[in-house]
There are 2 protein chains.
Amino acid sequence: MVKRVSLGDAACPVARSLDGIGDWWSLLIVRDAFDGVSRFGEFQKSLGISKGILASRLHGLVALGVLAMTPAADGSAWQDYVLTPKGEALFPVIVALRQWGEAFCYRPGEPHSALVERSGGKPLAPLVVRSAGGKALRARDTVVRKLSC
Amino acid sequence: MVKRVSLGDAACPVARSLDGIGDWWSLLIVRDAFDGVSRFGEFQKSLGISKGILASRLHGLVALGVLAMTPAADGSAWQDYVLTPKGEALFPVIVALRQWGEAFCYRPGEPHSALVERSGGKPLAPLVVRSAGGKALRARDTVVRKLSC
DNA sequence: CAGGATCCAATACGATACTG
DNA sequence: CAGTATCGTATTGGATCCTG
């Protein structure tokens, strides 16, 4: 689905990630999945997406290994879509997008949902990029090393 | 640019982020900007993108406040596109996507570029979502609290 | 080289209708 | 409800041409 220029064989991991989940809907579906959504209709209602596109994205994410289809927990004849370990590993991506949105995409005082600790309801700490030794790093403290192995 | 359903007024910060930078190219442009790319032609060569789309995306990112246009450093009549503080704040997003791509989008042993510490060249630590108190959190340890303020 | 304008193919997406 | 199929439209994105 979607081919553009095919970043799927790129040597840059950012490009390869985006090639799989960089479309308009996939990360929102994953966000909902983290939020406990698992049924076709729930995704559709939550996202306001058309059924055709939703089915296409859901199947794409399953093919990618981000979601898995399991027999519905309620015994109905259909599927639950649940995060695989590969999908769960997208948690920092979602949190990073959320924190950036909170910080830069709302006017001061404008209400928005917040991700908080389940026990206690306290907000999370801002994500920090760190060196192997644990030191906080700014972008300029890093470099891309081409084609490592 | 692009309207779909307009997530721009959504109450979820993830949706709002994606509404601005969730298209196929914007995050790759930002990645290149972190990598030091600032000229129109450099972006074009690096991304293999058509000029029309590149111009449209560049202007979109400028309008969003992620990039800024400055008089070219080499004295030519054109612009450099450089990250603003809002753009620099996307660093954790890029790093999260990169680490996910490294972990899940390459076969073992397949070469790819790597982001390393500038001084010393050591790889970064994996991003970890933490509570306000510094405790590492898994996705299931968190909940979305609707419409906080 | 930096960019805009135009043309065209592919498709993403929504709406609707249909099936079990 | 969970999808699939079809259709119409808007948009994406590449290629080409044009300008300073």
Side-chain angles (χ1 to χ4, degrees), chain A residues 1-8 10 15 18-30 32-33 36-64 67-82, chain B residues 1-8 10 15 18-30 32-33 36-64 67-82:
Chain A
M1 89 192 169
V2 175
K3 274 305 80 167
R4 184 177 41 176
V5 131
S6 171
L7 271 352
L18 257 15
D19 189 65
I21 56 169
D23 67 289
W24 285 104
W25 293 111
S26 292
L27 282 174
L28 289 171
I29 291 174
V30 169
D32 275 3
V37 172
S38 65
R39 296 299 287 262
F40 190 94
E42 291 178 312
F43 284 113
Q44 203 200 343
K45 188 167 58 165
S46 162
L47 298 170
I49 186 179
S50 74
K51 301 167 84 164
I53 295 295
L54 177 57
S56 136
R57 287 298 182 276
L58 246 17
H59 293 161
L61 289 169
V62 168
L64 237 183
L67 295 179
M69 298 168 66
T70 73
D74 65 357
S76 63
W78 290 282
Q79 308 296 325
D80 277 345
Y81 296 89
V82 298
Chain B
M1 89 196 172
V2 175
K3 274 306 81 167
R4 182 175 43 174
V5 130
S6 171
L7 272 350
L18 258 12
D19 189 66
I21 57 169
D23 67 288
W24 286 103
W25 293 111
S26 293
L27 281 173
L28 290 171
I29 291 173
V30 169
D32 275 2
V37 171
S38 65
R39 295 300 289 263
F40 190 93
E42 292 178 310
F43 284 112
Q44 203 199 343
K45 188 165 58 163
S46 161
L47 298 170
I49 188 180
S50 76
K51 302 166 83 162
I53 295 295
L54 177 57
S56 138
R57 288 298 181 277
L58 248 15
H59 293 161
L61 289 169
V62 168
L64 237 183
L67 295 180
M69 296 168 67
T70 73
D74 66 358
S76 62
W78 289 283
Q79 307 296 325
D80 277 343
Y81 296 89
V82 298

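Note on naming: letters A, B, ... go to the chains in the order of the sequence lines (proteins, then strands), and numbering restarts at 1 for each one.
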State whether A:W25 places a side-chain N or O below 4.0 Å from either non-bridging phosphate oxygen (OP1 or OP2) of C:dC13.
yes
Whole-Å distance, A:D23 CG to D:dT12 C1', equals 13 Å
Atom-pair distance (CD1 on A:I53; C1' on D:dA5), nearest Å:
13 Å
Phosphate OP1/OP2 of D:dG13 contacted by B:R57 side-chain N/O (<4.0 Å):
yes
Is the phosphate of D:dG13, meaning OP1 or OP2, less than 4.0 Å from a side-chain N or O of B:S50?
no
Using a cutoff of under 3.5 Å, can you pull out all pairs of nitrogen or oxygen atoms linking the protein to nucleotides 3-9 of chain C, with atom names and distances?
unit_1: C:dG3; atom_1: OP1; unit_2: B:Y81; atom_2: OH; d: 3.3
unit_1: C:dG3; atom_1: OP2; unit_2: B:Y81; atom_2: OH; d: 3.1
unit_1: C:dG3; atom_1: N7; unit_2: B:K51; atom_2: NZ; d: 3.1
unit_1: C:dG3; atom_1: O6; unit_2: B:K51; atom_2: NZ; d: 2.6

What side chain to side chain donor-acceptor pair (under 3.5 Å) pairs are there with at least one residue in residues 39-54 of chain A, not counting sequence neighbours?
A:D32-A:S46, A:R39-A:D74, A:R39-A:S76
With a 4.0 Å cut-off on heavy atoms, is A:I49 in touch with a base, just the backbone sugar-phosphate, or nothing at all?
sugar-phosphate
Let me check the geometry of the helix from C:dC1-D:dG20 to C:dG20-D:dC1. What is the bend angle between the axes at its two ends, five pairs each, to 10°?
30°
Nearest-Å distance for atom pair CH2/C1', residues B:W24 and C:dT11:
11 Å
Within this structure, what is the CD-to-P distance between A:Q44 and D:dG3, rounded to whole angstrom?
11 Å
Please give, in whole Å, the distance from C:dA2 P to B:D80 CG?
9 Å
